[in-house]
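Encoded as structure tokens, the structure appears first; notes follow it.
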Amino acid sequence: MPRTPLRRFLDYTVLSVLAFIFSLPVLYLILGSFKPSDEVLNGLTGFLPTHLSFHNYAAVLNNFNSEATGYFWRFMGISLLLATVVVLGGLIVNSMAAYGLTRLRWRGQRAVFTLVLLLMLVPFEAVAVPLFYMFNEQRNTIYIQAIPFIAYAFSIYQFATFFRAIPSSIEEAARIDGAGPWRTFFAIIVPMSKPAFASVAILTFLIQWGSFLWPVLMVSDPSLRPLPLAMSVFQGQQPVDWGQVLAFGVLLVLPVLVVFAFFQRWFVQGVASSAVKG
């Protein structure tokens, strides 16, 4: 039934209030990054835009500007490289795995898909130590920070859920035209699945960008640290300069906002289609 103007007004009012409340920590983070350290932890007065400057950002870049501490832009480059490899590799590997598990027919298909679903229940912390001993000789390398995260059970499940909703008549028409499984996947399924690819890309980027436990185990060389690990080392220095910590946090969050802004249209479509199917 159509909503009345009053109901629509109340809905938007409630949503606006909730959006404002949830955005307050981000606002505090941004304002605090421009304030002196002794004014950051002043409670609600931290929201007042007073004594703003770029001093904290300059100090962060100056603190990470040597071989002993590592270089900030190198940390950023490593994180971007790792996220790009994991996202692109994950989109290819996980989408192809999901296509094989949902659209093709072969013996043992259900058992393998069930195994994938079971893997979703295993947290990474449960396998981190065995993986550490397995790849101990590859510590302090770039590729070992990315390879274990390319194949991801939850991404396979996301793709599989979307692929199952595609009418089988489309693939039947492609087979009549002489298209095999590879051509059907890349020429038909992939273009139709942009919302699924955008959703998986954003979620994978978020997970990889904030990865912390694995770099702690595998990286001791300052020159190979990703941003989250570098930030934890920086925050552990005494005395803690909270203004600089918040400035570091803003620099850490910015690439996530750029990625979300780039994929948001397809991401919203994917979320909407999932809600309709649910």
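Note that this is a predicted model, so its numbers are computed, not measured.
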Do you know which two heavy atoms are closest between [X] and [Y], and how far apart they sit?
X: Leu82; Y: Ile142; result: CD2-O, 3.4 Å
X: Ala83; Y: Trp209; result: CB-CE3, 4.2 Å
X: Ser223; Y: Ile78; result: O-CD1, 3.1 Å
X: Asp241; Y: Ser37; result: OD1-CB, 3.2 Å
X: Met120; Y: Ala153; result: CG-CB, 3.7 Å
X: Ile166; Y: Ser193; result: CD1-OG, 3.9 Å

To the nearest 0.5 Å, what is the distance between [atom1] on [X] and [atom2] on [Y]?
X: Leu31; Y: Tyr28; atom1: CG; atom2: OH; answer: 9.5 Å
X: Asn56; Y: Phe248; atom1: CG; atom2: CZ; answer: 13.0 Å
X: Arg164; Y: Leu101; atom1: CZ; atom2: CG; answer: 8.5 Å
X: Gln145; Y: Phe135; atom1: CD; atom2: CZ; answer: 13.5 Å
X: Asn94; Y: Ile150; atom1: CG; atom2: CD1; answer: 9.0 Å
X: Phe197; Y: Met192; atom1: CZ; atom2: CE; answer: 12.0 Å

Side chain [X], main chain [Y], donor-acceptor under 3.5 Å:
X: Ser33; Y: Leu246; result: no
X: Gln208; Y: Val87; result: no
X: Ser79; Y: Met76; result: no
X: Arg103; Y: Ile189; result: no
X: Arg139; Y: Leu217; result: yes
X: Arg105; Y: Thr102; result: yes
X: Asn62; Y: Ala58; result: yes

Please indicate whether [X] has more than 12 foreign heavy atoms, meaning atoms of other residues, nucleotides or ligands, lying under 6.0 Å from its [atom1].
X: Phe212; atom1: CZ; result: yes
X: Trp106; atom1: CH2; result: yes
X: Glu137; atom1: CD; result: no

Look at the rings of [X] and [Y] and say which category their plane angle falls in: under 30° parallel, 30 to 60° tilted, over 60° perpendicular.
X: Phe186; Y: Trp182; result: parallel
X: Phe124; Y: Trp214; result: perpendicular
X: Phe64; Y: Phe72; result: tilted
X: Tyr99; Y: Phe163; result: perpendicular

TODO: Determine, step by step, whether Leu227 and Leu251 satisfy the side chain to side chain contact (heavy atoms under 4.5 Å, CB included) criterion, reporting the C-alpha distance in whole Å, the side-chain angles of both residues, the deciding distance to 0.1 Å, and the verdict.
DONE: CA-CA 9 Å; Leu227 274 175; Leu251 295 173; over 6 Å; no

Task: Steps toward side chain to side chain contact (heavy atoms under 4.5 Å, CB included) verdict (Thr204, Phe149) - done: CA-CA 9 Å; Thr204 304; Phe149 304 100; over 6 Å; no

Open item on the list: Quick check: is Phe159 connected to Ile170 through a chain of hydrophobic side chains (ILVMFWY, heavy atoms under 4.5 Å apart)?
Closed with: yes

Task: Side chain to side chain, Leu81 and Val85, heavy atoms closer than 4.5 Å - done: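 With C-beta onward as the side chain, the pair touches.
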
TODO: May I ask you to test the Asn140-Met218 pair for a side-chain heavy-atom distance under 4.5 Å?
DONE: no

- [ ] Kindly determine whether Tyr152 and Ile207 satisfy side chain to side chain contact (heavy atoms under 4.5 Å, CB included), including the steps that lead there.
- [x] CA-CA 11 Å; Tyr152 187 43; Ile207 294 172; 3.8 Å; yes

Task: Phe113 ring center within less than 6.0 Å of Tyr157 ring center - done: no

Open item on the list: Before you tell me yes or no, could you show the steps for Phe234 and Gln244 under side chain to side chain contact (heavy atoms under 4.5 Å, CB included), namely the whole-Å CA-CA distance, both residues' side-chain angles and the distance that decides it to 0.1 Å?
Closed with: CA-CA 9 Å; Phe234 178 67; Gln244 295 182 28; 3.3 Å; yes

